[in-house]
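To find a chain, count down the sequence lines: A is the first, B the second, and so on, and within it residues start at 1.
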Number of protein chains: 2
Amino acid sequence: MTGRRPTSADVAREAGVSRATVSYVLNDAPGERIAQPTRERVLAAAARLGYAPSLAGRTLANGHSDIVLLAMPDVPAGELTSRFVDAVTRSLAAQGLTLVVHFDVPAAPRLPRLAAMLSVRAVLSLFPLPDADLAALRRVGIRAVPAGTGSDGLATAALLRRQGRMQVEHLAATGHTRLAYALPADPRLSVFAGPRQDGVRQACADRELPAPVPFTVPDDPSAVTAAVRALLADAPQVTAICAYNDEVALAALHGLRELAVDVPGRIAVIGVDGIPLAAYSAPPLTTIAVAPAAAALHLARSAVARLAGERATPVPVEDVLHLIPRATT
Amino acid sequence: MTGRRPTSADVAREAGVSRATVSYVLNDAPGERIAQPTRERVLAAAARLGYAPSLAGRTLANGHSDIVLLAMPDVPAGELTSRFVDAVTRSLAAQGLTLVVHFDVPAAPRLPRLAAMLSVRAVLSLFPLPDADLAALRRVGIRAVPAGTGSDGLATAALLRRQGRMQVEHLAATGHTRLAYALPADPRLSVFAGPRQDGVRQACADRELPAPVPFTVPDDPSAVTAAVRALLADAPQVTAICAYNDEVALAALHGLRELAVDVPGRIAVIGVDGIPLAAYSAPPLTTIAVAPAAAALHLARSAVARLAGERATPVPVEDVLHLIPRATT
DNA sequence: CGCGCCTGGTTACGCGCGTAAGCATCACTG
DNA sequence: CAGTGATGCTTACGCGCGTAACCAGGCGCG
């Protein structure tokens with residue numbers, strides 16, 4: 001009994017109508033011309049057979065699928081990334097769109113090729129796309145929605161810079177003037193780390209504070225303490241550490257604890273992201289929390305608006321970012 | 001100049017051959033019957049036009065896509081989950097298969113329907129599927145590869161129980177006899193927490209130790225300390241906590257720290273998962289690390305083997321699980 | 001020389017679907 | 001009662017692709 005899956009033709013036969021009628025009924029055709037009794041016969045037949053339309057057939061006929069491609073830079077997926085992707089997926093699903101994430105890893109097919117293969121409806125990206133990719137997409141008639149650029153979008157780089165600024169604002173308000181900036185070891189994270197560090201630098205410059213001292217936090221736990229010790233020796237005037245994100249902050253915090261450095265008495269620490277575990281460190285970590293659902297909702301709205309040819313409304317920063325003061329500052 | 005995307009017909013015209021020839025060349029047809037010069041003309045034309053085959057067309061012609069659906073229970077995505085999914089995706093991609101994850105959230109379309117719409121090649125699942133779903137999939141001729149069941153697969157429940165057993169093994173070896181089991185607050189996690197807790201119970205029973213005392217760790221940081229205090233008051237004989245996973249363990253550890261309880265002197269703590277941040281707690285957390293890449297590789301191999309009609313070889317537990325002793329035990 | 005056989009292609013069809021265009025039927029009007 | 005719309009459905013086509021079936025030509029062989 002391992003039959004094939006039912007097609008709309010099966011439904012048509014079952015309901016005693018033509019295939020076209022089935023299609024009109026199931027798609028709620030705008031110029032509704034099907035009588036109510038017929039409608040019900042078709043719907044009943046479809047339910048009885050467990051009919052589910054083939055997306056392949058529909059895509060071929062329509063010329064495009066309902067897939068939206070999210071272009072992600074090649075970054076190791078962290079807590080926040082997955083929460084964000086999850087939220088975008090849900091927001092788009094509410095519009096009948098399916099999100100597929102494309103990680104720009106060297107081995108993967110290039111973005112325009114994948115977009116063509118999937119007959120995607122649109123391509124979303126957090127950062128401006130390379131001109132070559134944009135041109136390739138335009139050439140095949142695919143809309144690119146660069147959420148990371150322009151004034152109406154959730155300008156990603158600006159948001160990242162804002163996070164850095166907020167870190168400095170909080171530290172400056174509590175009297176710190178000599179800062180260090182803790183960078184992650186993985187070079188692929190520089191797409192995010194760069195703008196955040198820029199925000200910190202700019203905020204320092206605005207306040208006429210000396211530029212923050214950069215230092216890298218190694219991935220290897222046993223090397224972290226040595227890196228922190230080196231920082232304290234090289235830049236003894238530093239009283240606070242801005243970390244790239246909470247994970248880097250927690251690693252640095254561990255190094256400080258190993259060295260029995262008083263936190264926040266001797267050195268204050270602040271992170272970004274607001275991951276759940278930041279509440280459980282010793283001492284609990286002060287951080288700039290990101291509301292991924294709010295950011296994702298906006299990205300999704302922006303995408304839908306652009307697909308409809310409208311302009312999206314800017315997202316208020318307060319909805320997405322806020323300070324969680326805890327015990328490390 | 002926003003033309004349509006090139007089709008194989010465009011390539012055929014460009015190369016001066018028929019569309020069938022293009023198809024044979026680009027798919028490396030098994031009964032190779034195309035001359036080398038022609039091959040090269042076709043390949044050159046395809047490259048020149050930037051041709052990418054439409055997956056919709058291919059799916060329709062083949063009768064199925066290259067998509068494999070991974071059925072996930074409705075769990076909040078944690079660190080390990082995303083690492084695992086990532087690893088499965090890569091392993092399957094190496095076989096030319098595309099992984100799509102289906103989260104069984106109440107709002108989503110049901111699994112068999114989605115599988116039909118995508119014309120999937122197979123459905124993977126970490127746990128045995130409901131009989132109704134299995135029947136529905138079989139009826140439409142879709143193979144289900146239940147990696148979570150059977151003796152040749154990566155029997156998920158057995159693996160989870162094994163993790164619990166390993167926690168007890170380590171604690172018993174260091175002299176602990178009265179254990180508590182720390183459960184997550186989110187009820188959806190019970191699909192994972194149940195088997196792990198069972199493993200702990202069984203291991204205790206095997207050693208004729210008293211049954212572990214269960215207690216729930218709240219999601220709200222401010223409520224954690226009270227929960228831990230209640231545990232210590234209600235079950236003062238307990239000397240060690242097995243936690244559902246590292247996040248729960250770190251939360252419990254935070255509660256113990258707040259109460260100034262000596263760890264591991266008065267209470268030992270052990271987690272599961274081996275997330276990076278477990279190395280940075282105070283004190284650093286002992287845990288049963290899971291190698292998601294190894295598990296994923298096996299799951300992917302198992303899936304591919306079953307698609308080819310073979311049986312998969314069992315995965316050695318040592319490849320997937322190992323103890324990381326740190327300072328909390 | 002006629003036959004079969006390999007080589008290197010081509011032509012023809014169908015996969016499941018959306019939809020434009022066609023075609024009965026019937027109510028209503030001048 | 002012929003003419004005119006609406007109403008309710010069907011027929012016909014094409015989307016891009018894989019592939020079975022077919023066919024032209026060259027070559028060895030009895």
Atom CG of A:L118 and atom P of D:dC15: how far apart are they, to the nearest Å? 21 Å
Output the rounded distance in Å from CD1 (A:I34) to P (D:dA6). 18 Å
I would like to know whether A:R138 and A:D133 meet salt bridge (charged side-chain N to carboxylate O under 4.0 Å, His left out); could you show each step before the answer? CA-CA 9 Å; A:R138 193 178 1 260; A:D133 286 1; over 6 Å; no
What's B:T59 touching, base or sugar-phosphate or nothing? Going by heavy atoms closer than 4.0 Å. nothing
Length of the line joining B:D10:CG and D:dC15:P, which is rounded to integer Å: 11 Å
Nearest heavy-atom approach of A:A294 to A:V320 is CB-CG2, 4.2 Å
Under 3.5 Å between N/O atoms: give me all the protein pairs with nucleotides 16-18 of chain D, atom names plus distance.
{"unit_1": "D:dG16", "atom_1": "N2", "unit_2": "B:G57", "atom_2": "O", "d": "3.2"}
{"unit_1": "D:dC17", "atom_1": "OP1", "unit_2": "B:Y51", "atom_2": "OH", "d": "2.5"}
{"unit_1": "D:dC17", "atom_1": "OP1", "unit_2": "B:S54", "atom_2": "N", "d": "3.0"}
{"unit_1": "D:dC17", "atom_1": "OP2", "unit_2": "B:S8", "atom_2": "N", "d": "2.5"}
{"unit_1": "D:dC17", "atom_1": "OP2", "unit_2": "B:S8", "atom_2": "OG", "d": "3.2"}
{"unit_1": "D:dC17", "atom_1": "N4", "unit_2": "B:R19", "atom_2": "NH2", "d": "3.2"}
{"unit_1": "D:dG18", "atom_1": "OP1", "unit_2": "B:N27", "atom_2": "ND2", "d": "3.0"}
{"unit_1": "D:dG18", "atom_1": "OP1", "unit_2": "B:R58", "atom_2": "NE", "d": "2.9"}
{"unit_1": "D:dG18", "atom_1": "OP1", "unit_2": "B:R58", "atom_2": "NH2", "d": "3.1"}
{"unit_1": "D:dG18", "atom_1": "OP2", "unit_2": "B:S23", "atom_2": "OG", "d": "2.8"}
{"unit_1": "D:dG18", "atom_1": "OP2", "unit_2": "B:N27", "atom_2": "ND2", "d": "3.4"}
{"unit_1": "D:dG18", "atom_1": "O6", "unit_2": "B:R19", "atom_2": "NH2", "d": "2.7"}

Let me know the distance between CZ of A:R33 and P of C:dG22, rounded to the nearest Å. 15 Å
Contact between A:R113 and A:L118 at the side-chain level, heavy atoms closer than 4.5 Å - yes or no? no
Over all heavy atoms of both residues, which pair between A:T59 and B:A56 is shortest? Give the atoms and the distance, please. CG2-CB, 3.6 Å
From OH of A:Y24 over to P of D:dT7, roughly how many Å is that when rounded to an integer? 16 Å
To the nearest Å, give me how far apart CZ (A:R13) and P (D:dC9) are. 19 Å
Contacts of A:D104 meeting salt bridge (Lys or Arg N to Asp or Glu O under 4.0 Å) (sequence neighbours excluded), chain-then-number -> A:R110
Between A:D10 and A:R5, is there a side-chain N and carboxylate O pair less than 4.0 Å apart? no
The residue, B:V17 or A:T21, whose nearest nucleotide of DNA chain C is more 5′ is B:V17
